[in-house]
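The structure appears below as structure tokens.
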Amino acid sequence: MSATNSNAMNGTSASGDISASDFFGYFSAGPSKLPEEVMHKAQKEFLSYQSSRVSVMELSHRSPEYMAINDDAIACVRRIFNVPNNYKVMFMAGGGTGQFAAVPLNLSAEGKSADYCVSGTWSEKAFKEAKKFGNSNCVFSVNKFTTIPGESTWSRDKDASYLYYCDNETIHGVEFPFIPSNEGDFANVPVVADMSSNLGTRIFDVNRFGVIYATVQKNLGPAGCTIVIAREDLLGRPRSFCPSVLDYSQTSKANSLMNTPVTYSVYMTKLVMEWIEDNGGLSQMENDSKAKSQLLYDVIDSSDGFYSSVVDKMFRSRVNVVFRLKDGDEQLEAAFISAAKKNNLLSLKGHRSVGGIRASIYNAISLKMVEKLAQFMRDFQKSN
Ligand code: PMP
């Protein structure tokens, strides 16, 4: 395919082939951009996986080929996140929303309550879901989802079944810069984290957690698969009414093959994780996400209020940069989105519940593309 054949608006050729990934920026919050190399590899193997003449989509989940994909993907999670031996790694279906129920169904004990940090839409949904299965308590209250109160002010229960929080709130752009305590009075309260939008973008110590989960469609793959990392001693005591498909013990005993898994999504997630390893691993992803978000926050902070972020500086997300124009001028924001589109910078509209602009800059978004967005923001300010 020749470059002259390509469509300047969307970076594709007349036949739909991708010509140059950096040709346009796609800042979707999820499902999100996947690394181009991964897409090419998947394309190459699409019809015949490793000369089998069968697509991964067509492989039985009991076939040796698929079982190897499953094992390799689990091994990738273990390597990338340095998962200790006393933790199980699982792939589940049902997305983040499935985990809102799976967490209380697997970890809440009869008669005990669970503690929740509600710092945005996703933890609020998880908190509401947990209430269906037992008592749960919100450890702090905030008027708006723009900050996280200091840990010393939280009202935690030292006998809680677990403490739940969302490490990065994708809609509000609020990210935890610390891991809640699992020491002193709270030594017996496992910490549970929803890392759906930032797992794979920074280094952290798995030992601090009871359970970590992430739906993969932001930094780690296409929609479908949810990664769960759970400490072994927390398994084996699900509530009697926990559906098998959400049961961590059954899932881990069956090596994530209890029922038909989301095979293609697990395969793609494996490819994305291999790409992370080939591109400097977690430390490089962490450096990149710091650099990329800094670029945008610098434009915002030096714009004399033309752009503004309502999130307290300490809690600004490195992966979902949420901002307003002239304190929420919706007409100007609509003009910004439409001018951005003309410059091949797509999917920048904030979530419908909060409005404004959101640039999701996950792992597959290059620094170069974020530079392009930063330059566009400066130019747009000059002409408005
Ligand atoms: N948690 C977070 C942080 C999310 O961003 C999302 C979805 N965007 C969810 C949970 C829910 O995931 P799903 O749509 O896969 O159920």
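All ligand and atom numbering here is 1-based and tracks the order in the structure. Please read these numbers as outputs of a predicted model, since none were measured by experiment. In this chain, residues are counted from 1 in sequence order.
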Is Gly30 near ligand 1, meaning one of its heavy atoms is under 4.0 Å from it?
no
Out of curiosity, is Gln99 lining ligand 1, as in a heavy atom under 4.0 Å away?
no
Among all protein heavy atoms, pick out the one at the shortest distance from atom 3 (C) of ligand 1; state its residue, atom name and that distance to 0.1 Å.
Thr170 OG1, 3.3 Å
Part of Lys218 with heavy atoms under 4.0 Å of ligand 1, whether side chain, backbone, both or neither
side chain
Proximity to ligand 1 by part of Thr215, non-hydrogen separation under 4.0 Å:
side chain
Could you check whether any side-chain N or O of Ser303 sits under 3.5 Å from a backbone N or O of Ile300, counting only pairs where one atom can act as donor and the other as acceptor?
yes
Main-chain N/O of Arg53 paired to Ser48 side chain as donor or acceptor, under 3.5 Å:
yes
Using a 4.0 Å heavy-atom cut-off, say whether Cys166 meets ligand 1 through its side chain, its backbone, both or neither.
side chain
With nothing but distance in play, are any N or O atoms of Gly96 less than 3.5 Å from an N or O of ligand 1?
yes
So, do Ile276 and Leu220 sit near enough that their side-chain heavy atoms are less than 4.5 Å apart?
yes
Can you tell if the side chain of Phe91 reaches within under 4.5 Å of the side chain of Thr251, non-hydrogen atoms only?
no
Give a yes/no on ligand 1: does Lys125 have at least one heavy atom closer than 4.0 angstrom to it?
no
Short question: side chain of Asn182, backbone of Arg208 - any donor-acceptor pair under 3.5 Å?
yes
Hey, what's the ring geometry for Phe336 with Phe380, parallel, tilted or perpendicular (30° and 60° as the breaks)?
perpendicular
